[in-house]
Every structure is written in structure tokens, then in C-alpha cells.
Chemist: 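My questions all concern the structure below.
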There are 4 protein chains.
Amino acid sequence: MSDKKKRILKATEKLLAMYGFHGISMQMVAKEAGVAAGTIYRYFEDKDDLLQQLHDHILSYVANKISQNVSDEMPLEQRFRIIWLNIWNMTTQEDAPIINRGQFETLPRRESHEQRLLEKKMFAKVDRLFNEGKACGLFKPLDNEILGVLSLESCACLARKHVNGVFKVNDAALDAAISASWDAIIQHKH
Amino acid sequence: MSDKKKRILKATEKLLAMYGFHGISMQMVAKEAGVAAGTIYRYFEDKDDLLQQLHDHILSYVANKISQNVSDEMPLEQRFRIIWLNIWNMTTQEDAPIINRGQFETLPRRESHEQRLLEKKMFAKVDRLFNEGKACGLFKPLDNEILGVLSLESCACLARKHVNGVFKVNDAALDAAISASWDAIIQHKH
Amino acid sequence: MSDKKKRILKATEKLLAMYGFHGISMQMVAKEAGVAAGTIYRYFEDKDDLLQQLHDHILSYVANKISQNVSDEMPLEQRFRIIWLNIWNMTTQEDAPIINRGQFETLPRRESHEQRLLEKKMFAKVDRLFNEGKACGLFKPLDNEILGVLSLESCACLARKHVNGVFKVNDAALDAAISASWDAIIQHKH
Amino acid sequence: MSDKKKRILKATEKLLAMYGFHGISMQMVAKEAGVAAGTIYRYFEDKDDLLQQLHDHILSYVANKISQNVSDEMPLEQRFRIIWLNIWNMTTQEDAPIINRGQFETLPRRESHEQRLLEKKMFAKVDRLFNEGKACGLFKPLDNEILGVLSLESCACLARKHVNGVFKVNDAALDAAISASWDAIIQHKH
DNA sequence: CATGAATGAGAATTCATTCAT
DNA sequence: CATGAATGAATTCTCATTCAT
């Protein structure tokens, strides 16, 4: 990808996190990226396209991050903890994509092919994890999407609030939160 | 509250859910509410104030809904299920506030006194539930905020995806999801 | 004249002096006058009419002030000094009409009959003064309008700058300025 | 200075003279200048800035005009007559700045450094004239500001009324008016 | 008569997009 | 390819005026 295009995407991401959709102008993006306003239109159809491509760009980043260091050979709980922590770290790290999905929600959906592929890839390892867990009776017999919400969305939500300063999660609490997420999806004898 | 003001808030809420912050104009709000553009400014300082007051308005609605039919005399698990279902119903019902909190996130915070009071009220019963649960050793010893995310945000997230059609949650799955949320916060013998 | 009408004119004058034409609204006038916005339209056709009537109102005040204590029997120089000081005092006094004519200049002229009469009356005594002065060879043989500018506009200009704080005119300077204005219009042997 | 900026200033000046502050809109300025409305904002911060810059622009023009053809080596009276006529011509000529200072009076003052410099420059030669005149006992011992009002403001006022058609000043009267202004500030034996 | 809520045309200003250089 | 001045439609907000109470 061209250096200019990267700089434009990076600038857009930064400004989007700071000001939200309303409140960023193409002029601002151009200035932040150090290019002329017209240059943006060499790489992007229009403002919507810029935002959409940024969305795909971040999704691609997320897809990679989430599955990092996870091997299908590992024990289930180890895989779960690594994925959980991948999400946590991705959200809380310094160079994290500072945007959460909510901020893209009002975009007129393009439902691009690339996006579909990315989302599939993003959850491939998670899907296998859930499938195996259910197959051996360890996990609750629920749809993968529901299991995902119950265990991993909590993580993302927790991380976002931690980053935003709503509250702080220390190391002990973090470990307990992982266990809690695990407890949410495994079967318990009552 | 004046009829006109209510209509303006209702119209704003509808449009906000449809188009997000960017993409709604005061003209659109006026038209949707059936008032003249200038009329909005009799009731709201400016666009930001309109959005902020809408936020407070919805928060107030949510605060009431969430605590409905919950009594501090009930057993812990019953209280938890009612609260969980209150959130679920509030989000999935026909006349629900169509907006989720994420859509207010980029708003410049006013941190009004009223807002603080509302948020306190909103979680008063939830707070007592968590405190009692921890006191008797049933719940994990985590901050109430964290317990809230682990058990109730999952509910809201699930409900939102159910409504948006990302996936459907049937009655059996719903019951299992409540149990899973409960499992997330109670202590288990290992 | 009705009390309400007077209050409206007074309020308009005050606001006009503070903000100029642009920058005063009928709402502001109503608030300052302590009446409802609609009430203004009982007494004035529209905004232009309000301003025009205010103009006439002030002109009437000025016309009276300027000729105060001046009798056609007095010696020429005494009459001149009284008129000069009338202008000075009118402009610098506490309850002076705070507006100068320049602020009315862009008003769409109505050239009302009343206005014509007032302006005639305003300068009647001044006219007689100049005519007598020229008849006896004391004054320069110039049109009264020109004599007026040379001697009395200087006074008004001086007073305005004194009030606005551009510079301050002490008693000695004031007396010298009157003499200078007198010098401007009388004939000198060279 | 850019051609567009000049055209905008010129257009503003024209409209200001015709309609006053209230009553000119940015759209009108844009149309008169033959540019798009948005273009004005490339050169001027906002409407106030446009008006302020116009003020400075005109002041600069006036400063130059007033001192034209005046040399400190000339006799006092000659210098006075030239300055007086400079003001007269500047005000009555075809391409004169059509605006008088009064029209800027309601503008919120910026008191810029540039403005101070210009006003100093504007009156430098006038200041020297008055100082020398007082030093040799020819002029009345009054502040330069007061001498200025007594002799030169009369000129500007006369010229304005001449241009506006309030009355007409023929060549003989003009010469007499200069002498009258001179008489106003020189010492006379009584 | 007096009120002031409501109106909607018009104001200032912004900003996505184009295009001559 | 890159630029950034120019555009003008769209946006937020104001305010003279009306009219039901």
C-alpha cells in the first residue's frame, strides 16, 4: 500500500477517535496526514469510502491480533485465555486501534466481500475453540455467537471502560475476570 | 414537560437511531417533530444541548425500567433474573429507546449533577444485589462495576444483536444465557 | 405619549448606543423595556419605524436643548457661547441622548414632514445669530450651513471625543475651544 | 495582496457605504465581489475580521493621501492648506473611500498594533505642523488633538456634506473655509 | 390591550469535492 | 501524480413578525 494512503488512514483513525464522525473534515484529515486535500481523492472515492476502507483496515488488524499465538493444538482453556488476553491487550495497548466498532455503526453498510472474508477469518479459531468445547461437553450447548458475546464481548467492554477511565482493572481483577468469562460458558454441576 | 419538547426529543431519538449523530440536521428534527426549525431553540440551547437532554431523558427512562418489579426482599437469584430480563425486554420491546449508549459516547461530556444522580439511582438496586451477594460469599469478590459488565452488559449486547438481526435468541437460549451470566459472577468450587 | 411607548423608545436608545443597529433585536428591546415582543408592534409599524420614531424623538430633544436660555436680545458672542455650551453639555451630560447622528445615517430616509419642521426649529435661533452677525459685518460672508459646520460641528465632534475618552478637554481648553470656534467665523483684520 | 482579497474589500466598502453594517450579508459581498461565499473565508476569519481589515485598509489609504505633497520645509500656512485640501479632495474625489470613520464606530475595537502604527503615521506631518506652529507662537497653545478637530474635522465634515448634497461649496467658499479653519487655530490680537 | 410561543426566511459559516496549475 | 484555491450547497442558528389566548 502506498505510503500516502497509509498516512491518510492513520490520520483518519486518530481524528475519528478524537472527534467522532461528525467533527472530522477532509481538510483536517489532509492536514493531519500532511497531504493536500485533493490527494485524498486519488486513493479514496469519497468520505464514505475513506471511512469504509478504514473500517476494513482496522478489521484486518483486529483479525490478526485476535488469533495471535493461538494454536489449535493447545488445551481449550489455554486457547481461551490467550484469545481473551489478545482482545484485552489489543484494546488497552498504546498503539491499539483507538476506535470501537460502535463508531462505525451508522456507516451505510457496504457489506463488502473483503469484509465478509475478514470476519470469517477473525473468528475461525474462536469458532473451532467453541465447537471443540461443545463437542467434549465442556461448554454450554449454545450458538457460537452467543458464547462469544457471553465471554469475549465482556472482555472488550471491560477493556474499553478500563481505557476510558470509567474504572481501573488491576492484575488480580483481570485474572478473575478471565475466570469469570470462562465460568460463563462452561457447564457447571449444580 | 411541554408537548412540543417531547415531540422534538422523540423525533431526535428516532433520527439518531437511523442516521447517527452526523447525518441528522436540525431541519430534519424539526420536520420529523412537526415543528418549525426555530421552535427547537425555544427548548434547547443548541444541537449539543438537544442531544445531551435526550441522553438524560433516555437515561431516566432506562433507570426506571431496569429496577422495575425488583424488591430487596427477594432472593438474590430471583432479583438477578428480573433485572436481567428487564434489560432484555427494555432493549427488545417495541417502544424501546432505540439508542444504545455507544451512540452517545462521542458527545462532549457535561457530567451534569442530574446525570450523576440518575446514574446512581439507575444502579442502586443492582449495587445492593452485588453487595449482598459478595457479603454472603456467593459472588466473586470483584468491584460492582466489573460484576456488572460480566453479567449485565452481556445481556444488553445480546439483546442488541437479537434486535438488529445479527442472530436470533430463542426462549431456551435466553434462559441458558441468564444462567451463563449468573455463572459468570458466582463462585464455583473447582 | 403612553408610558409603554416611552419605555420602548428609551430601551431602544440605550441598546442602540451599546450595540449599534446590527446587534439589537426586537426581543432585546422588549426585554429591556419590560414589555412583550408583540407589544412593540402596538406602537410601532415595524423595526424601521421604531428606529425612525426614535430618531425624531431624539431630534426633538436636541432641538429644545440647543436653543435653551438663548434670547435674540443678547449680544452675538453671548448667544454663540450659550449655544456652543448647550451642544457641549447636551453631549457630555449624564442623561444625554447617547446616540450621534451618524448612527442614523444608513436608515432608509423617510424625510418626514415632522422632521423637516424640527430641523427648521432646531436651527432657527442659530440662523438668526448667523444672519445678524453677517449683516453687521462681524461674521464671514458664508452660507449659514458652512458657518455652522465651521463653528458648531467642531463643538459636537470635540464633545463626542471627550465623552468617548479619545482625549479629555479641561475647563481652560474648553474656553479656548469656544474662542477658537468664534475665531473661525468672525472676520479678522490681516 | 491577492486580487480576490482586493475585490472582496472593494465590494465590502461599496456595500457598507450603501447599506451600513446591518444590511450587508456575506452573500451580498460575495456576489458584488464576484466570488463564492466560501471564498471570503479564505481571506478573512469572519465578518468582523472582514470589516476590521477593511477599516485598516482604508486607514492606510487615508494616511497616505493626507500627507501627500507636504514637506516639512514648507511654510506653515502652505503646509496647512495642502493638508486641508488633501482631506477635501480625498473625500470629494471620484474614487474616494466612500466610508467615513463614523461608520466603523460601533465595531468592537481590536486596537491592533498595526492600527496604532497607521494612526501615528497618519498624523505625523500634522503633528509636526501643530508643534512648530505652537513653538513659534503662531498657533493657540492647545493639544494637537483639539487643534485637529477645530481645523481639520471641519474640513472633513464640510466635504462629506458637500458630497452628500446637503449643500454645495463653491471655489470661493472653499477658499474662505480654509481661511476660517486657519483662523480657528492661530492666535489673534484682540 | 398585552402576551410570548411559534414561525420560517435569511444570516453566518463549514466542508466535501473539483480542477487548473 | 500532487496541490490547494475555489466552489456553493448544506448546516446551525437568529430574529422580525404574527396570532391564539
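Just so we're on the same page: letters track the sequence lines, and every chain starts at 1.
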Chemist: In whole angstrom, give the distance that lies between atom CZ of Phe44(D) and atom C1' of dA12(E).
Modeler: 15 Å

Chemist: Base, sugar-phosphate alone, or nothing: which one does Ile24(C) contact when heavy atoms must sit under 4.0 Å apart?
Modeler: sugar-phosphate

Chemist: Using a heavy-atom cut-off of 4.0 Å across all strands, would you classify Leu50(D) as base, sugar-phosphate, or nothing?
Modeler: nothing

Chemist: Quick check for you: among dT3(F), dA6(E), dT13(E), whose closest atom lies nearest to any side-chain atom of Val35(A)?
Modeler: dT3(F)

Chemist: Expressed in whole Å, how much space separates the C1' atoms belonging to dT21(F) and dC1(E)?
Modeler: 13 Å

Chemist: Looking at residues at least two apart in the chain, or sitting in another chain, which of them share a side-chain hydrogen bond (donor to acceptor under 3.5 Å, both in side chains) with Lys5(A)?
Modeler: Gln53(A)

Chemist: Check residues 31-41 of chain B and write down every donor-acceptor pair under 3.5 Å in which the side-chain atom is one partner and the other belongs to a residue at least two apart or another chain.
Modeler:
residue, atom, partner, partner atom, Å
Glu32(B), OE2, Lys14(B), NZ, 3.1
Thr39(B), OG1, Ala36(B), O, 3.4

Chemist: Does OP1 or OP2 of dA6(F) have a side-chain N or O of Tyr43(D) closer than 4.0 Å?
Modeler: yes

Chemist: Report yes if the side chains of Leu9(C) and Ile58(C) come closer than 4.5 Å at any heavy-atom pair, otherwise no.
Modeler: no

Chemist: Grab the CG-P distance between Leu15(A) and dC15(E) for me, whole Å please.
Modeler: 12 Å

Chemist: Applying salt bridge (charged side-chain N to carboxylate O under 4.0 Å, His left out), which residue pairs with at least one partner in residues 17-27 of chain A are found, sequence neighbours left out?
Modeler: none

Chemist: dT17(E), OP1 or OP2 - any side-chain N/O from Lys47(A) closer than 4.0 Å?
Modeler: no

Chemist: Shorter than 3.5 Å, N or O on both sides, protein versus nucleotides 19-21 of chain F: list them out with atom names.
Modeler:
none

Chemist: What would the secondary structure line of DNA chain F be in dot-bracket form, counting Watson-Crick and G-U wobble pairs under 3.5 Å, with [ ] for pairs that cross earlier ones and | for pairs with another strand?
Modeler: .||||||||||||||||||||

Chemist: Considering heavy-atom distances to DNA chain F, does Ala36(A) or Asp46(C) have its closest nucleotide positioned more toward the 5' end?
Modeler: Ala36(A)

Chemist: In whole Å, what is the span from the CG atom of Asp48(D) to the P atom of dA11(E)?
Modeler: 17 Å

Chemist: Could you list the residues that satisfy salt bridge (Lys or Arg N to Asp or Glu O under 4.0 Å) with Arg7(A), not counting sequence neighbours?
Modeler: Asp3(A)

Chemist: In whole angstroms, how far is the P atom of dT12(F) from the CG atom of Leu51(B)?
Modeler: 10 Å

Chemist: In this structure, how many angstroms lie between the P atom of dA12(E) and the CG atom of Asp49(D), rounded?
Modeler: 14 Å

Chemist: Could you state the atom-to-atom distance from CD1 of Ile40(D) to P of dA12(E) in whole Å?
Modeler: 9 Å

Chemist: Using the salt bridge (charged side-chain N to carboxylate O under 4.0 Å, His left out) rule, collect all pairs that involve residues 17-29 of chain C, keeping only residues at least two apart or in two chains.
Modeler: none

Chemist: Rounded to whole angstroms, how far apart are OH on Tyr41(C) and C1' on dG4(E)?
Modeler: 13 Å

Chemist: Within a strict 4.5 Å, meaning less than it, do heavy atoms of the Lys47(A) and Val29(A) side chains meet?
Modeler: no

Chemist: Please name all residues satisfying side chain to side chain contact (heavy atoms under 4.5 Å, CB included) with Val166(C), sequence neighbours left out, ordered by chain then number.
Modeler: Lys161(C), Asn164(C)

Chemist: Listed by chain and number, what are the side chain to side chain contact (heavy atoms under 4.5 Å, CB included) partners of Ala63(D), not counting sequence neighbours?
Modeler: Met122(D)

Chemist: Need to verify one output field. Residue with the more 5' nearest nucleotide on DNA chain F, Lys4(D) or Met28(C)?
Modeler: Lys4(D)

Chemist: Specify the residue among Ala37(B) and Ala37(D) whose closest nucleotide of DNA chain E lies further upstream toward the 5′ end.
Modeler: Ala37(B)

Chemist: Nearest-Å distance, NZ (Lys31(A)) to P (dC15(E))?
Modeler: 13 Å

Chemist: Hey, which of these two, Gln27(D) or Thr39(B), hits DNA chain E nearer its 5' end, going by closest nucleotide?
Modeler: Thr39(B)

Chemist: What is the nucleic acid contact for Met26(B), judged by heavy atoms within less than 4.0 Å: base, sugar-phosphate only, or nothing?
Modeler: sugar-phosphate

Chemist: Here's a test for you: under side chain to side chain contact (heavy atoms under 4.5 Å, CB included), which of Asp56(D), Asp48(D), Leu54(D) qualifies with Gln52(D)?
Modeler: Asp56(D)

Chemist: When you measure from the side chain of Ser25(D), which nucleotide among dT3(E), dG8(F), dA12(E) comes out closest?
Modeler: dA12(E)

